[in-house]
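First up is the structure itself, then whatever we jot down about it.
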Amino acid sequence: VVGVPFRQVWDRALTFEVIIAGTVAFIVLTLTVFALIRYRSRARERASQHTEHKAMEFGYAFLLLLIAIAIVIVTRSFNSDDGLAPTAQTAASSHGGLHIRVTGFQWCWRFQYAGPGSTDFSSLYAVVQKNCLHGPSDVPTMVVPVGETVTVETTSQDVIHSWWVPDLRYKLDAFPNHVNTVTLRLTRTGRWIGHCAEFCGLRHAEMSFWLKAVTQEQFRSWLSAQHDRQPTAGAA
Ligand SMILES: [Cu+2]
């Protein structure tokens with residue numbers, strides 16, 4: 001998927017860690033096979049009575065520590081590569097931007113949109129909800145604008161669910177009485193299927209949704225149409 005920074009960063013981090021893990025596995029297996037062959041039991045030969053080799057063991061530990069530190073530093077550096085790392089500027093404006101509250105329930109999803117520039121979900125500015133009852137065509141769509149930083153807050157109304165968009169590598173647990181937060185930014189329009197990634201009961205497998213990225217203009221008119229459809233909006 002071209003133009004989806006988070007996925008590219010994620011793939012790069014995974015490749016880096018697989019190379020490290022593969023190299024370590026190769027060295028360990030090679031040494032093990034070598035030791036098995038070279039030092040296998042022979043007639044009239046006593047096994048070594050040494051049980052430890054301090055210098056060598058500290059050497060191993062030190063080397064592993066260096067590798068672990070390198071993994072942490074390099075992986076951490078990937079974090080800023082999708083352009084979403086908090087800076088003084090984004091921290092100052094974090095009250096602005098688009099905020100979406102994602103609520104998992106047995107067995108579907110509710111997407112609540114705070115009003116423009118707002119973090120207040122109590123006013124029911126706009127709500128998208130379905131019941132996931134009639135297959136993939138009957139699942140809710142979470143619409144987001146392209147190029148904008150969107151704050152997604154996940155929570156649950158009952159048991160633990162997990163908001164997961166496999167193609168984009170976004171995945172965030174949804175706990176009852178707790179809110180998890182992720183910022184996302186999509187750089188091209190498109191539609192991606194999402195699923196629940198935490199087994200949550202009988203209809204867990206049907207608990208899908210669409211994540212759809214549209215232009216900012218399309219998003220504004222979509223959001224205001226949703227807002228007008230809110231029953232409370234008309235009464236107010
Ligand atoms: Cu679920």
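Read the numbers this way: they start at 1 and go in the same order the structure lists the ligands and their atoms. Note: hydrogens, waters and symmetry copies are ignored here, and every other heavy atom, side chains too, is used. All values reported here derive from a predicted model rather than from experimental measurement.
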Original post:
So which protein N/O/S atoms does the Cu ion (ligand 1) have within less than 2.8 Å?
Top reply: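 Listed by chain and number: His161 ND1, Cys196 SG, Cys200 SG, Met207 SD.
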**OP:** Flag yes if Trp164 and Leu172 sit in one hydrophobic cluster, no otherwise; membership is Ile, Leu, Val, Met, Phe, Trp, Tyr, and two members link when side-chain heavy atoms are under 4.5 Å apart.
**Re:** no
Original post:
Should Val159 and Phe105 be regarded as members of a common hydrophobic cluster, given that ILVMFWY residues are connected when their side-chain heavy atoms come within less than 4.5 Å of each other, either directly or indirectly?
Top reply: no
Original post:
Quick one: side-chain hydrogen bond (donor to acceptor under 3.5 Å, both in side chains) partners of Arg203, sequence neighbours excluded?
Top reply: Glu206
Subject >> Side chain Asp158, main chain Gln106, donor-acceptor under 3.5 Å >> reply: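 Yes; at least one donor-acceptor contact below 3.5 Å.
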Original post:
Which atoms form the tightest heavy-atom contact between Ile160 and Cys200, and what is the distance?
Top reply: O-CB, 3.6 Å
Subject >> Plane angle bin for Trp163 and Tyr170 - parallel if under 30°, tilted between 30 and 60°, otherwise perpendicular >> reply: tilted
